Structures are given as C-alpha cells and as structure tokens.
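Here the structure comes first, spelled out in structure tokens, and everything after it is commentary.
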Amino acid sequence: MTAKRIVKAAAIQIAPDLETPSGTVDRILVAIAEAAAKGVQFAVFPETLIPWYPYFSFVRPPVLSGTEHIQLYDNAVVVPGPVTDAIAQAAKRHAMVIVLGVNERDHGSLYNAQLVFDATGAIALKRRKITPTFHERMIWGQGDGAGLKVVDTAVGRVGALACWEHYNPLARYALMAQHEEIHAAQFPGSLVGQIFADQIEVTIRHHALESGCFVVNATGWLSEEQIAKISPDEGLRKGLRGGCMTAIVSPEGNHLVPPLTGGEGILVADLDMALITKRKRMMDSVGHYARPELLSLLLNDQPARPMHGLHPNRLMPNPGDISDDTADAARTGQGDADRAADQRVAVLRSPPR
C-alpha cells in the first residue's frame, strides 16, 4: 500500500509596502517565518507582490503614469539577485517550497514573473505571464512557452499561472498534461470589486476539478491608506477595493478552509495527495478521459529570443585556430544536431496515429 502523503500548504494574503521594495521583502520574510511556525511546507504569495502590483496603471492614463512606471523599473527584481537570494535563504532555512510573484526586470523590459523556490533554496522555475491583461500591457512584456512547465519539488509536482492566464484553457492544459499535483495561482487582489472575487473562486475551483490537482491561490490586499495613496479620486478608488479570494481547493473542487476575502492573513490546510488519485480514478483529463487522437495540444516550449543565428557554422572559430580533427568533429556534431531538430519538427507536424 502506498504510504499516505500529506503536504501542509499556506496561501498568504498580504499587503505590499508601497514605499520601499525592501519593506515588502521584509514583510514576506516575516510571513514565511510565521508559516514555518505552523509547519507549512508549501507557501504561495500574491501576483507581482515585489515591489507591488502596478495598480496605478488601472486607474491612471498612460500619459500620467510615467513617474510610477519608472519607479517600478527602479524597484523591480533582477533574477537572480539580492531579492531572490533572500527568499532562497528563507526557503532553505525553513525547508519550504515558496511561490512568489515579482516584477522582473530584464534590461529594458519588465515582466510579470512567477518564481518557484524549492526547499533547498534553488529556483526550480522562473516563468513569465504569457499575455498581460488590458492595462497591464503598458507595463509588462509577454512571456513564452518555456515557462509553461511543471517542476518536481520537495512537495510534489508544482505548476503556476498568474491571474487571467487561467482563462486560457490551452495554458492550463499544458500544465495538466504534465501531471501537476499542486497548482499555484496568483491574483493581484484589491481590484475591481466583488465580481472579481467571484470570478477567481469559480476559476480556481474549476481548474482543481478539471486537472485533478490541489489549487493554492493567493491574492494581495490594500489598506484604505494605500488606496488613497494610489489615487486621490474617490470614484477611481472604488476599483481598488474587494477582489480578494485567497483560498486552498482540493481536487474535488472543495475549499479545504474558508477563503480569505479581506485583510491580511495566512490560510493553512493539509493536502492529502491521495485525493488526486480519488479524483482521477473517475476523470483524468489527460489520461483515460482524454482523446488525443482527436484533440491534442502543440506547445512551442522554446524560449523567445530576439536574435537567431541563421548560419551556425559562421560562429565557429577560424579554421586556423583549431585542428582539422576538432573542426571535423564540430561539423559532424552540428550536422547531427540539425538532423535531430528536423526529426523533432517532423514528429510534431505529423498527424496523430
């Protein structure tokens, strides 16, 4: 008989420090320690918590958002860097798998990034939101298919999506097909109002049911003082309240603890991994309930690059710099790699048998 496996998980609803990014990091480290004291092995924080979600872009026109946008650039996270080092050390110290949302800066662009830190402190996954939503498109670049990946961690197979990526069924299916056991969902919170909270709940419960996995979802929260700081217009402030639905959902679509819809707090629940088999025995969307000969997903899982070399051999050292034997071996290796690539393309493009 398979040994019973229980994972203690936490969904953390927390407010950022809008004044300093270091303040937000400090708040996160305190929350990690609090969760560890409760025996937590897996913790999820809200979307782009560091330094903060760009709420300004939702309530201010782009022409008036330059100062806030530059401030976000100045305080964004470089991966790896001092911020990720601090979180990695906390993950290792507490033997905890941590999923954290950050504004990632990569040279001249910002990205909505999700980081999965394993219990060893290593970054098991860095992925970027594939399509920023509405106002977010003025802030973040687009991610790529390389991030649609499920990774093995100390608590099991973990996948992650941010906010309305959950409305892209093919993105969700890409993770389902990789047999995720725990899904980390992240939303900004304090946005749009009750309708957003209702939509989040429907979305995460549906994904849990459809994928047969646990969903641990964290949304952010803003105090009234922070809302006033973001916008002086009371009419616009209405769009920065509500929309919180921090929750932990079982593969059967049930809340394991009552959701948190306001204020800060840490939800903790035991994930009985046997419930995955219980659910999938009845309906496995990527197994016995699938029809891959009729419907299947083609995923471009290669990282997006702004430059590609059309003539790889031109990148080799000058012939006079290497021996004839080395040059022949390099050309042979390149030929084998090209043939292997052609075969992979052929397989992907061939009709299912």
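All figures in this text were calculated on a predicted structure; none of them were measured in a lab.
- Ring orientation note: the planes of H207 and H183 are tilted relative to one another, at an angle of 30° to 60°.
- A side chain to side chain contact (heavy atoms under 4.5 Å, CB included) with V116 is found for exactly one of V44, V150, V99, I123, namely V99.
- Heavy atoms only, all atoms of each residue included: A35 and I266 are closest at N-CD1, 4.3 Å.
- Checked by atom type and distance alone, the side chain of N254 never pairs as donor or acceptor with a backbone atom of L256 at under 3.5 Å.
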Checking side-chain contact (heavy atoms from CB on, under 4.5 Å) for the pair H69/I139: CA distance, chi angles, key distance, verdict?
CA-CA 7 Å; H69 200 181; I139 306 299; 3.9 Å; yes
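- Although no hydrogens or angles enter the test, the distance criterion places no donor-acceptor pair under 3.5 Å between the side chain of R137 and the main chain of T131.
- In the displayed structure, M283 atom CE is contacted under 6.0 Å by more than 12 heavy atoms of other residues, nucleotides or ligands.
- At least one donor-acceptor pair under 3.5 Å links the side chain of T24 to the backbone N or O of P51.
- Interatomic distance, CG of L148 versus CD of Q178, reported as 8.0 Å (0.5 Å rounding).
- Judged by distance alone, the side chains of Y55 and E68 never bring a donor and an acceptor atom under 3.5 Å apart.
- Rounding to the nearest 0.5 angstrom, the gap separating the CG atom in L18 from the CG atom in L222 is 6.5 Å.
- Here the shortest heavy-atom pairing between P46 and F187 reads CB-O, 3.8 Å.
- Using a 4.5 Å cut-off between side-chain heavy atoms of Ile, Leu, Val, Met, Phe, Trp and Tyr, with links allowed through other members, Y111 and Y53 fall into different hydrophobic clusters.
- Side chain of Q41 to backbone of K8: a donor-acceptor contact under 3.5 angstrom is found.
- With a 4.5 Å cut-off on side-chain heavy atoms, P54 and T48 count as touching.
- Here CH2 of W221 is found 8.5 Å from SG of C244. Values are rounded to the nearest 0.5 Å.
- Residues F214 and P251 share a closest heavy-atom pair of CE2-CD, 3.4 Å.
- Residue V25 is grouped with residue V77 when hydrophobic side chains (ILVMFWY) are merged at heavy-atom distances under 4.5 angstrom, including chains of intermediate members.
- With hydrogens and angles ignored, the 3.5 Å screen pairs no side-chain donor or acceptor of Q114 with any backbone N or O of R127.
- In this structure a side-chain-to-backbone donor-acceptor pair under 3.5 Å is present from Y73 to G108.
- Shown here is K280, whose NZ atom has more than 12 heavy atoms of other residues, nucleotides or ligands within 6.0 Å.
- Of all the heavy atoms in H94 and A36, the pair that sits closest is ND1-CB, 3.3 Å.
- Annotation: L170, atom CG; neighbour count of heavy atoms from other residues, nucleotides and ligands within 6.0 Å is above 12.
- Under the 4.5 Å side-chain criterion, counting only non-hydrogen atoms from C-beta, L191 is not in contact with T219.
- A donor-acceptor pair under 3.5 Å links the side-chain atoms of R27 to the main chain of A15, judged by distance alone.
- Tracing side-chain contacts under 4.5 Å through hydrophobic residues (I, L, V, M, F, W, Y), one reaches F196 starting from M245; they form part of the same cluster.
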Test side-chain contact (heavy atoms from CB on, under 4.5 Å) applied to I248 and L271, step by step:
CA-CA 9 Å; I248 303 176; L271 313 185; 3.8 Å; yes
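- Residue-environment remark: OH (Y289) stays at or below the threshold of 12 foreign heavy atoms within 6.0 Å.
- Counting heavy atoms from C-beta outward, D152 and R157 have side chains that approach closer than 4.5 Å.
- Linking Ile, Leu, Val, Met, Phe, Trp and Tyr whenever their side-chain heavy atoms come within less than 4.5 Å puts V268 and L29 in one cluster.
- You'll find the side chain of V83 stays beyond 4.5 Å of the side chain of V102, heavy atoms only.
- Between H206 and H166, the closest side-chain pair of non-hydrogen atoms is not below 4.5 Å.
- Within the 4.5 Å cutoff, no side-chain heavy atoms of M96 are placed close to those of F117.
- By the criterion of side-chain heavy atoms lying less than 4.5 angstrom apart, applied directly or through intervening Ile, Leu, Val, Met, Phe, Trp or Tyr residues, F58 is grouped together with F56 in one hydrophobic cluster.
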side-chain contact (heavy atoms from CB on, under 4.5 Å) between E181 and V7, intermediate numbers included
CA-CA 11 Å; E181 297 176 307; V7 173; over 6 Å; no
Walk me through it: do W140 and R128 pass the test side-chain contact (heavy atoms from CB on, under 4.5 Å)?
CA-CA 10 Å; W140 297 317; R128 294 167 173 173; over 6 Å; no
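- Between V249 and H255, the shortest heavy-atom contact is CG2-ND1, 4.2 Å.
- The side chain to side chain contact (heavy atoms under 4.5 Å, CB included) test with D118 singles out one residue from V151, T153, L125, and that residue is T153.
- By the neighbour-count criterion of 12 heavy atoms within 6.0 Å, atom NE2 of H308 is densely surrounded, having more than that number from other residues, nucleotides or ligands.
- The two residues I12 and A43 make their nearest non-hydrogen contact at CD1-CB, 4.1 Å.
- Using a 4.5 Å heavy-atom cutoff, the side chains of F45 and I32 are in contact.
- Atom CG of L49 is separated from atom CD1 of I14 by 6.0 Å, given to the nearest 0.5 angstrom.
- Residues I182 and V215 form no side-chain contact, since every pair of their non-hydrogen atoms from C-beta on lies 4.5 Å or further apart.
- Of the possible donor and acceptor atoms, one in the side chain of E165 sits under 3.5 Å from a partner among the backbone N and O of I130.
- Of the charged side-chain nitrogens involved, none lies within less than 4.0 Å of a carboxylate oxygen, so that E224 and R237 do not count as a salt-bridged pair.
- Here the side chain of R279 pairs a donor or acceptor atom with the backbone of L209 at under 3.5 angstrom.
- Not a single donor-acceptor pair under 3.5 Å links the side chain of R105 to the backbone N or O of V78.
- Considering CD1 of I200 and SG of C163, their distance stands at 6.5 Å, rounded to 0.5 Å.
- The distance from the OG atom of S57 to the CD1 atom of I230 is 10.0 Å, given to the nearest 0.5 Å.
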